Amino acid sequence: MTTYDAAEGTHFSHRDVEPMTGDLTEDGIAPDELRGLFRDHPSGVALITADSGSGPVAMTASSLFSVSAAPALIVFSAAEASSSTPALLEADTVVIHLLDEATHDLAILGATSGIDRFADRAAWARLATNEPYFLAPERRIRARVVKKVDAGAATLFVVHALESSNSSAAEHDGRPLVYHNRTWHVLGDHSRLS
């Protein structure tokens, strides 16, 4: 496990979600139009886990992206309707699992409503810092929540990467999992253009 020299972040609660600013009164494109556009825009897949004290939660996210290397900042969003969002709003830290072909089942697990995502006790454990994490993914990041922003029907989380783990060889050889047009796909040599 690699530890980064990171300053302590500020602790937040659901009351600390910052409101959106700017004028959103101008008519925008319709929700179905936006969904249609992004349905054809592929994205990587991650599983976010946390425990705010009321038990572990997990959520599949395709909204994850890195915004800064120094400091190491990552952003993801959680829909207001997600059962994991209340716990994520209360959590100080999260674990981000970067998923690949071999962990496709975890993407499905985190995206399925109404189930106990932690029922298989052999599939997960806790870090020394008490965050829940799944054992199968080779790459994960422990991060501290540093900002939460109201983003319409979702909350945007900005997190500071504190530690990373990569149990594979120096270069990851798994085929990345991608979400496109409501379906799971993998990238590999067959999809390379040049």
Side-chain angles (χ1 to χ4, degrees), residues 1-22 24 34 37-38 41-53 56-82 84-100 103 106-107 110-111 124 126-134 137-168 170-172 174 176-180 187:
M1 208 172 262
T2 305
T3 303
Y4 296 99
D5 183 14
E8 281 295 310
T10 306
H11 298 282
F12 292 91
S13 73
H14 69 280
R15 294 175 302 279
D16 298 313
V17 176
E18 295 185 18
M20 277 193 300
T21 59
L24 298 178
L34 184 64
L37 289 166
F38 275 86
H41 184 73
S43 56
V45 182
L47 184 73
I48 314 291
T49 58
D51 189 342
S52 61
V57 296
M59 173 190 81
T60 298
S62 60
S63 61
L64 180 86
F65 59 96
S66 168
V67 292
S68 171
L73 296 176
I74 300 166
V75 173
F76 67 90
S77 67
E80 185 177 75
S82 170
S84 296
T85 299
L88 287 170
L89 287 169
E90 295 294 331
D92 293 327
T93 56
V94 298
V95 177
I96 300 165
H97 307 73
L98 302 177
L99 302 183
D100 60 17
T103 54
L106 290 178
W124 65 280
R126 289 189 181 269
L127 296 174
T129 47
N130 204 38
E131 295 90 352
Y133 73 98
F134 284 89
E138 294 182 341
R139 298 171 298 147
R140 68 177 179 270
I141 302 160
R142 178 178 167 266
R144 179 172 307 286
V145 177
V146 294
K147 185 172 268 196
K148 294 172 277 194
V149 180
D150 173 21
T155 299
L156 194 66
F157 290 80
V158 181
V159 299
H160 185 192
L162 302 174
E163 300 172 285
S164 70
S165 177
N166 185 351
S167 60
S168 65
E171 189 168 321
H172 180 70
L177 187 62
V178 175
Y179 193 69
H180 174 254
L187 297 179

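Every value quoted in this text rests on a predicted model; they were computed, and no experiment measured them. Both backbone and side-chain heavy atoms feed into the values below; hydrogens, waters and symmetry mates do not.
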(request) Compare every heavy atom of Thr85 with every heavy atom of Ala78, then report the nearest pair and how far apart it is. (result) CB-OG1, 3.5 Å

(message) Can you tell me how far apart CD1 (Ile96) and OG (Ser164) are? Round to the nearest 0.5 Å.
(response) 11.0 Å

(message) For the backbone of Ala154 and the side chain of Ser77, can you confirm whether one donor and one acceptor N or O come within less than 3.5 Å of each other?
(response) no

(request) Could you tell me the separation between the CD1 atom of Ile141 and the CG atom of Leu64, rounded to the nearest 0.5 Å? (result) 7.0 Å

(request) Go through the steps to decide whether Leu177 and Thr103 satisfy the test side chain to side chain contact (heavy atoms under 4.5 Å, CB included), and finish with yes or no. (result) CA-CA 8 Å; Leu177 187 62; Thr103 54; 5.6 Å; no

(request) Please round to the nearest 0.5 Å and tell me the distance separating atom OG of Ser43 and atom OH of Tyr179. (result) 8.5 Å

(request) For residues Asp92 and Arg144, determine if any side-chain heavy atom of one lies less than 4.5 Å from a side-chain heavy atom of the other. (result) yes

(message) Let me confirm one number: the OG1-NE2 distance from Thr60 to His97, rounded to the nearest 0.5 Å.
(response) 10.5 Å

(message) Tell me the closest heavy-atom pair linking Leu99 and Pro137, and the distance in Å.
(response) CD2-CG, 3.9 Å

(request) Grab the two heavy atoms, one from Pro71 and one from Ser68, that are nearest each other, plus how far apart they are. (result) O-OG, 2.6 Å

(message) How close do Ala72 and His160 get, counting heavy atoms only, and between which atoms?
(response) O-CD2, 3.1 Å

(message) Less than 4.5 Å apart, side chain to side chain, heavy atoms only: is that true for Phe157 and Leu89?
(response) yes

(message) I need the Leu88 CG to Lys148 NZ distance, nearest 0.5 Å.
(response) 9.5 Å

(request) Measure the spacing between CG of Leu47 and CZ of Phe134 and express it to the nearest 0.5 Å. (result) 6.0 Å

(message) Can you give me the closest heavy-atom contact between Ala91 and Ala50, atom names plus distance?
(response) CB-CB, 3.9 Å

(message) So which atom in Ile74 and which in Ala161 form the shortest heavy-atom distance, rounded to 0.1 Å?
(response) CD1-CB, 4.2 Å

(request) Check the pair Arg140 / Thr49 against side chain to side chain contact (heavy atoms under 4.5 Å, CB included), numbers first and verdict last. (result) CA-CA 10 Å; Arg140 68 177 179 270; Thr49 58; over 6 Å; no

